[in-house]
Number of protein chains: 2
Amino acid sequence: MAQKNKLKYIILGLLGEHDLTGYDIAKAFTADIGEFWNANHSQIYPLLKRLETAGLITHQLQLSGEKLEKKVYSLTAAGQAQLSDWLHEPTTELTASKDEFVLKLYFVQNADDPMLQPMLTEQLRLHQAKLAHLQKQMTRKFSAVASKTDNYGHFLILQHAIEREQGYSDWLAQTLAQKTLRAAAARNHL
Amino acid sequence: MAQKNKLKYIILGLLGEHDLTGYDIAKAFTADIGEFWNANHSQIYPLLKRLETAGLITHQLQLSGEKLEKKVYSLTAAGQAQLSDWLHEPTTELTASKDEFVLKLYFVQNADDPMLQPMLTEQLRLHQAKLAHLQKQMTRKFSAVASKTDNYGHFLILQHAIEREQGYSDWLAQTLAQKTLRAAAARNHL
DNA sequence: TTTAATCATGTATATAATTACATGTTTTAA
DNA sequence: TTAAAACATGTAATTATATACATGATTAAA
């Protein structure tokens, strides 16, 4: 097993909110959920079939126009139960982050390595862009006070993502600043 | 392709520091690198063979005791070049975090959901434990001033990991505190 | 009106990664 | 001295996931 099939629970979780088509589910990964998970439609459609065979979801055909048949999936009682079980069971594994930049950094031994500065600068740019994007999301989705308690989980993770990107950017910026300081100190010692 | 084979570069990177056996490489994932990446020996051994076929690494047999043959791998010039290329090319993909707790939280709609408090409390405990572990690592490995510039990349990512866990814990603690406040306010309104 | 974008659903292929299976040696501690 | 822990290297089976292939309908814009 390459992972403990969390996509299954994402599908169950999404269907717990609304009935959705496979296409809708795939789209969710380019929107909200894409912020912290991803999946392709080629993974989603077969899994939907498996989940239906397992009795966790069902579908109804719905015509869109003259010919186009949509499969609108919904959660069964069994599916609802498994979703609830998953939500209630403790989450004990803290997954390794698998951040490629961090990985590269691990192999930079020397503090004076000339590639360090461009590496840090570029990552800072990327994470600041991500931060700005998340902040825009936050404003768009949760500017109204009421919405915060309504979609509370979503609000919380967006808040967390923003804090995380802020922290990431701070770390990079501070490292760059210290690099500059060290470089100046080195020049003075010549 | 399930991922852009970063394990390959981890192996090249590790061999760029010292010659190592497959066993040593596997062990590295239970130590330092395990903090932000993981891999099993069943993935490592076949990959070592592929990398050797591709001419990026070579090995020498070394006897340990009477019979036990170790394969000590080392980096070739071609391997060194590919490692350097990877390190120098920009890291543009910010990987989705795939944090199961965050995923669960996404599906908690209501701020007053009774499962929220135990969920948050348990995660806080886990992340505080992780934080304490990372801080111990930092002390053990980088208490000497000289070591910081020596293994600079490692120092930086450890520092980053600590800040990240601190931020994660803060977020959880703050969310719990606000929950308590809201509960008290609700009682007063009765 | 025609063309591009989006909707909609699949399959095939390849690779990545986890768990389990499998075997034997060497070292350390009881 | 013997038993457990750690060293050491593999393969098999399964599942996950990404990219590419494949097809067609509907809607919105040029």
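Keep in mind that what you see is a predicted model, and the values were worked out from it rather than measured. Every chain is numbered from 1, with letters handed out A, B, ... down the list of sequences.
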Legend entry - Nearest-Å distance for atom pair CD/C1', residues Glu66(A) and dA8(C): 16 Å

Inset, instruction - For Asp24(B) and dT9(D), give me the distance from atom CG to atom P, rounded to whole Å. - result: 8 Å

Inset, instruction - Starting from P on dT19(C), measure out to NZ on Lys4(A) and report it in whole angstrom. - result: 10 Å

Legend entry - dA16(D) phosphate, OP1 or OP2, under 4.0 Å from Lys6(A) side-chain N/O: no

Tabulate below the donor-acceptor pairs under 3.5 Å that side-chain atoms of residues 110-120 of chain B make, not counting sequence neighbours, or state none.
residue, atom, partner, partner atom, Å
Asn110(B), OD1, Asp112(B), N, 2.9
Asp113(B), OD1, Met115(B), N, 3.0

Inset, instruction - Please name the residue in the list Tyr106(B), Tyr168(B), Phe101(B) that meets the ring pair (Phe, Tyr, Trp, His ring centres under 6.0 Å) test with His160(A). - result: Tyr168(B)

Pair up each side-chain donor or acceptor in residues 10-23 of chain A with any protein partner under 3.5 Å, not counting sequence neighbours, and list the distances.
residue, atom, partner, partner atom, Å
Glu17(A), OE2, Gln109(B), NE2, 3.1
Thr21(A), OG1, Tyr23(A), N, 3.4
Thr21(A), OG1, Asp24(A), N, 3.0
Thr21(A), OG1, Asp24(A), OD2, 3.0

Inset, instruction - Heavy atoms under 4.0 Å is the rule here; annotate nucleotides 1-6 of chain C 5' to 3' with B where the base is hit, S where only the sugar-phosphate is, and - elsewhere. - result: -----S

Legend entry - Same cluster (ILVMFWY, side-chain, under 4.5 Å), Phe36(A) and Leu94(B): no

Inset, instruction - Determine the minimum heavy-atom distance between Lys141(A) and His154(A), stating which atoms define it. - result: CD-CE1, 3.8 Å

Inset, instruction - For Leu7(B) and dT15(C), give me the distance from atom CG to atom C1', rounded to whole Å. - result: 13 Å

Inset, instruction - May I ask you to verify whether the side chain of Thr21(B) and the base of dT9(D) hold a donor-acceptor pair under 3.5 Å? - result: no

Inset, instruction - Of all the heavy-atom pairs spanning Glu100(A) and Thr95(B), show the shortest one and how long it is. - result: N-OG1, 4.5 Å

Inset, instruction - Determine whether any donor atom in the side chain of Ser64(B) lies under 3.5 Å from an acceptor atom in the base of dT25(C), or the reverse, and answer yes or no. - result: no

Inset, instruction - Evaluate the side-chain proximity of His127(B) to Leu131(B): yes if any heavy-atom separation is below 4.5 Å, no if none is. - result: no

Inset, instruction - Specify the separation, in whole Å, of atom CD of Gln62(A) and atom C1' of dA8(C). - result: 12 Å

Inset, instruction - Kindly give the heavy-atom pair with the smallest separation between Phe29(A) and Asn38(A), and that separation in Å. - result: CD2-CA, 3.6 Å

Donor-acceptor contacts under 3.5 Å from residues 48-59 of chain B side chains, at least two apart:
residue, atom, partner, partner atom, Å
Glu52(B), OE1, His59(B), ND1, 2.9
Glu52(B), OE2, His59(B), N, 3.0
Glu52(B), OE2, His59(B), ND1, 2.8
Thr53(B), OG1, Lys49(B), O, 2.8

Inset, instruction - Check the distance between dC7(D)'s P and Ile25(B)'s CD1 and give it to me in whole angstrom. - result: 15 Å

Legend entry - Within 45° cone of Tyr152(A) ring axis and under 6.0 Å: Arg182(B) NZ or CZ: yes

Inset, instruction - Go through dT25(C), dT11(D), dT26(D) for me and flag the one nearest to the Ser42(B) side chain. - result: dT11(D)

Inset, instruction - Answer yes or no: does atom CD of Glu66(B) have more than 12 heavy-atom neighbours from other residues, nucleotides or ligands under 6.0 Å? - result: no

Legend entry - Side-chain N,O (Asn5(A)) to OP1/OP2 (dT15(D)) below 4.0 Å: no

Legend entry - Stretch residues 32-41 of chain B: residues that reach within less than 4.0 Å of DNA chain D through a heavy atom: His41(B)

Inset, instruction - Can you tell me the distance, in whole Å, between the NZ atom of Lys70(B) and the P atom of dA8(D)? - result: 4 Å

Legend entry - Shortest non-hydrogen contact between His41(B) and Pro46(B), atoms and distance: O-CD, 4.2 Å

Inset, instruction - Check each residue of residues 43-61 of chain B for a non-hydrogen atom within less than 4.0 Å of any atom in DNA chain D, then write out the ones that pass by number, or none. - result: Tyr45(B), Lys49(B)

Inset, instruction - Round to a whole Å and report the spacing from CD1 of Ile10(B) to P of dA16(C). - result: 13 Å

